[in-house]
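These notes are about the structure you will find just below.
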Amino acid sequence: MGVPIRPLLEGYRHPVGWEELKGVAAIDAHNALYQFISIIRQPDGTPLKDTEGRITSHLSGILFRTAHLLEKEISPVYIYDGSPPDLKQKTISERREVREAGQANWEDALRRGDTEAAYRAAMASSRIDHAIIGSSQRLLDALGIPWMQAPSEGEAQSAALIESGVATYSVSQDYDSLLFGASVLVRNLTVSGKRRIRGKQQTISPERIYLPELLDGLSMTREMLIDIAILVGTDFNDGIYGIGPKKAEKIVREGRFDEVLREKDPAFDPDPVREFFLSPPVTREYRPEWRPPDPEGVREMLIEEYGFSADRISGVLERIAPSRSSSGQKRLDQWF
DNA sequence: CCGCGTAA
DNA sequence: TTACGCGGG
C-alpha cells in the first residue's frame, strides 16, 4: 500500500503540534476510511456493525475525528478517488487477493480461537465498498464537511488543491501525494496517541513533511524522487526485484536509471508512470464550502438508522454545534 | 479510531 | 493530572 520510500524520509518527518495545523486539510478519503475500517474492531477482528449487519466503524471514526479537527480549527475536506488509471489494474487485483486471503485466514483463526491472529487477518480483509463510501459521504454532508470526487487518484487531487492555495496540506498515511507534488504532507492526524502495531502499543503523534525541504536536503528533483519510487515499485508499476529505496537512490543519483531498467526489465516503459505522477488528471474548478452541521440529520442517520447511542451522539453534536440552551454560543460564529 | 470510567 | 482498559454498533 503506497510507495515504500520511507527510509529516504528519515530526518524530514517532523513532529508537529495542533496549533501549527490550523488550516484546510485535504484528507485522502480512501486512506482515512481504510484506517477506520481496519482499526475500529473488536479484539477478535469483528468490526462495529448495526443490527442489520452493516459496518459502522467508519461512521464512528469520521464523527469523532471531525469533532476533534473542528475544535482544533482545522477545516477538513475529504477527497475521494475517481477512476483508477489502467496502470493500477495489477495493484487492484493484488489487493483483492490479499483481502480474500485475509478473509479466509480470519475465519480460520476464529475457528482455532487465536484472537490475535484473527484481529490481524481481519484488518487485512478490510474492503472499502460502495456502501461504506456512500454512507461516509452522507455523514459528511450532515456534518457540513465538504468532499469531492477526484477525476482519478485522490492524492493527486490533494496536491493540486495545495498548489492552487485551496488546501494547506495533504493528509494521508501514504507518501504518494509527495510524488504528485504535494508540498506539505501530514501523517497521523489523530487524537489518541496510541496505536496497535503488530500487537504492541506504540505512541503516535502528528508529523509533517515538507516536499521542498525533503528535495533540498536530498539534493534531488521531484523527477528523481519519482524515478526512485518507480524502481522500488508504486501502485502503477511493479518495481525491480531486489532493489529497495537505498539502492534505488544510488542508481538514480548515478544516472543509471535507464541502464538498470534495460538490464533488469527491458519490456517495461517507465514513461507513462512518470507522466502520471508529474501531470495526473485533476480538476482546478473545485472550491470547498463548509456549512453549519445539521444536528437533526446526524441524529436521524446515526441513531435511527444505524443504532448509535443517543447519549454519545448528543455529546459529539454539542462539541460541533453547541446549542443555545447550553453554555455554548462560543464557536457558532465560526460559520458566519 | 475515540470517549469514558477508573485508578494512581 | 495523566495512564490504561474497555466498549462502541
Side-chain angles (χ1 to χ4, degrees), chain A residues 1 17-18 21 25 27-72 74 76 78 102 106 110 115-116 118-129 131-140 142-143 145 147 171-174 186-207 293 295 297-322 326:
Chain A
M1 235 349 130
W18 292 101
L21 290 171
I27 300 178
D28 177 356
H30 188 276
N31 189 264
L33 290 172
Y34 185 81
Q35 297 277 115
F36 292 142
I37 295 288
S38 59
I39 290 167
I40 305 180
R41 289 172 183 271
Q42 293 176 313
D44 71 349
T46 310
L48 300 189
K49 290 188 279 191
D50 70 4
T51 49
E52 293 175 33
R54 297 177 298 187
I55 293 180
T56 56
S57 299
H58 59 302
L59 302 177
S60 179
I62 288 173
L63 179 71
F64 290 116
R65 184 168 297 180
T66 297
H68 184 67
L69 295 181
L70 293 179
E71 282 172 338
K72 302 290 185 189
I74 294 169
Y78 282 77
W106 183 17
L110 283 179
T115 306
E116 275 192 29
Y119 186 89
R120 286 195 305 274
M123 285 182 79
S125 77
S126 305
R127 172 159 190 268
I128 308 306
D129 62 17
I132 286 168
I133 290 173
S135 54
S136 70
Q137 292 171 342
R138 275 185 62 208
L139 179 57
L140 291 173
L143 290 169
I145 302 301
W147 57 269
V171 177
S172 177
Q173 294 303 103
D174 294 340
V186 172
R187 302 179 70 246
N188 304 333
L189 195 66
T190 68
V191 55
S192 91
K194 299 282 172 80
R195 188 171 302 171
R196 278 184 294 279
I197 294 174
R198 297 188 304 273
K200 301 283 180 185
Q201 289 261 322
Q202 272 201 346
T203 304
I204 297 293
S205 62
E207 66 184 35
V298 173
R299 283 202 173 86
E300 223 172 286
M301 176 175 177
L302 294 183
I303 302 173
E304 308 304 324
E305 209 173 317
Y306 286 98
F308 280 63
S309 116
D311 283 351
R312 299 187 112 225
I313 299 303
S314 294
V316 190
L317 286 175
E318 198 57 30
R319 292 163 59 193
I320 301 179
S326 67

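None of the values given here were measured: they were computed from a predicted structure. Each chain gets a letter, A, B and so on, in the order its sequence line appears, and its residues count up from 1.
Rounded to an integer number of Å, the gap from A/F308 CZ to C/dG7 P is 18 Å. Straight-line distance from the CD1 atom of A/I62 to the C1' atom of B/dC1: 11 Å, rounded to whole Å. Protein atom CG of A/L189 is 14 Å distant from nucleotide atom C1' of B/dC2, rounded to whole Å. Distance CZ (A/F36) to P (B/dG3): 11 Å, rounded to an integer number of Å. Rounded to a whole Å, the CD1 atom of A/I320 is 13 Å from the P atom of B/dC2. Rounded to whole angstrom, the span from the CD atom of A/E318 across to the P atom of B/dC4 amounts to 12 Å. A/L63 has its CG atom 10 Å from the C1' atom of B/dC2, to the nearest Å. Rounding to whole angstrom units, CG of residue A/L139 and P of C/dG9 are separated by 14 Å.
A donor-acceptor contact closer than 3.5 angstrom links the side chains of A/Q173 and A/N188. A/D311 and A/S309 form no side-chain donor-acceptor contact under 3.5 Å, judged by distance and modelled atom types alone. Side chains of A/S135 and A/R54: no donor on one and acceptor on the other come within 3.5 Å.
A cation-pi arrangement is found for A/R41 relative to A/W106, the charged atom lying closer than 6.0 Å to the ring centre and inside a 45° cone about the ring normal.
Minimum atom distance to the side chain of A/F64 is reached by B/dG3, of the listed B/dC1, B/dG3, C/dG9. Among the nucleotides B/dC1, C/dG9, B/dC2, the one closest to any side-chain atom of A/V191 is B/dC2.
The neighbour count for A/E300 CD, taken as heavy atoms of other residues, nucleotides or ligands under 6.0 Å away, does not exceed 12.
A/S309 comes within 4.0 angstrom of the backbone, heavy atoms only, and of no base. As judged by a 4.0 angstrom heavy-atom cut-off over every strand, A/R312 is placed among the base-contacting residues. Using a 4.0 Å heavy-atom cutoff across all strands shown, A/S60 reaches at least one base atom of the nucleic acid.
Distances shorter than 4.0 Å separate none of the side-chain N or O atoms of A/R41 from OP1 or OP2 on C/dG7.
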